[in-house]
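Every heavy atom of this structure was used, including side-chain atoms; hydrogens, water molecules and symmetry mates were not.
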Amino acid sequence: MKDGSYQILHVEDNEARYINYSRMVSAALNKAGIQHELNWARSVGDAMKFIVNNIDRLDLILLDISLANDGSETGLDLVKMISGQIRISIPIFVVSSNVGAYRHVLERLKSEQKIVGYSEPMNEVWTDQLFSILQGKEIS
């Protein structure tokens, strides 16, 4: 387990979902006594800026796969940028109510180790997965 506070970036274009999911994450991590800081990015562009500026501190990216109300960029675009262009090793966990529609793509990304997991935000299972991911993260 890491000393200090975990830095988590939540990439979500809908503010109400961000607030709801963040409350779930914070409740689970607080219950486990894990200090953390949640940061919010509304778009792929905002996420990339945050990642570049915080690459040494960032421990986890929570990603909404569908993103972009206007359809211009999706969470898949961010995964491609991170794994292809800048090649960073920050774990990406997809949390989305659209998991069913993207399941085949998410399975491929997971098998290629471009994401560490995915889940619908339906119950405590996904927050337990996040806890496990953070516990297993190596301290730099």
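Annotation: side-chain contact (heavy atoms from CB on, under 4.5 Å) contacts of Ala101 (sequence neighbours excluded): none. With sequence neighbours left out, the ring pair (Phe, Tyr, Trp, His ring centres under 6.0 Å) criterion links Tyr18 to His10, Trp40. For Glu37, the side-chain contact (heavy atoms from CB on, under 4.5 Å) partners at least two apart in sequence or on another chain are Ser5, Gln7, Asn39. In this structure Glu107 satisfies the side-chain hydrogen bond (donor to acceptor under 3.5 Å, both in side chains) test together with Tyr118, sequence neighbours excluded. Applying the side-chain contact (heavy atoms from CB on, under 4.5 Å) test to Asn20 and every residue at least two apart in sequence or in another chain returns Met24. Listed by chain and number, the residues in a side-chain contact (heavy atoms from CB on, under 4.5 Å) with Arg108 are Val105, Glu112 (sequence neighbours excluded).
Exactly one of Leu63, Ile51, Asp59 qualifies for a side-chain contact (heavy atoms from CB on, under 4.5 Å) with Leu9. That residue is Ile51.
Contact annotation: the side chain of Lys114 never approaches that of Ile92 to less than 4.5 Å [non-hydrogen atoms, C-beta and beyond]. Under the 4.5 Å side-chain criterion, counting only non-hydrogen atoms from C-beta, Ile115 is in contact with Val79. For the pair Phe50/Leu58, a side-chain contact is recorded, criterion being any heavy-atom separation below 4.5 Å from C-beta on.
Note that CD of Gln35 is 9.5 Å distant from CG of Asn30, once rounded to the nearest 0.5 Å. Atom OG of residue Ser22 and atom CD of residue Glu15 lie 10.5 Å apart, to the nearest 0.5 angstrom. Here the straight-line distance linking atom NE2 of His104 with atom CG of Leu106 works out to 8.5 Å at 0.5 Å rounding. In this structure, the separation between CG on Leu38 and CD1 on Ile19 is 12.0 Å, given to the nearest 0.5 Å. To the nearest 0.5 Å, atom CD of residue Glu12 and atom CD1 of residue Ile65 are 11.5 Å apart.
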Could you go through the side-chain contact (heavy atoms from CB on, under 4.5 Å) check for Tyr21 and Leu62 one step at a time? CA-CA 10 Å; Tyr21 296 174; Leu62 291 178; over 6 Å; no
Evaluate the criterion side-chain contact (heavy atoms from CB on, under 4.5 Å) for residue pair Ile8 and Leu134; output intermediate values, then yes/no. CA-CA 10 Å; Ile8 301 169; Leu134 290 174; 4.2 Å; yes
Could you give me the CA-CA distance, side-chain angles and deciding distance for Ile34 and Tyr6, then say whether side-chain contact (heavy atoms from CB on, under 4.5 Å) is met? CA-CA 8 Å; Ile34 297 173; Tyr6 286 96; 3.4 Å; yes
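Between Pro91 and Val116, the shortest heavy-atom contact is CB-CG1, 3.8 Å. Closest of all the heavy-atom pairs between Glu120 and Gly100 is OE2-N, 3.9 Å. Nearest heavy atoms, Ala47 versus Leu78: CB-CD2, 3.9 Å.
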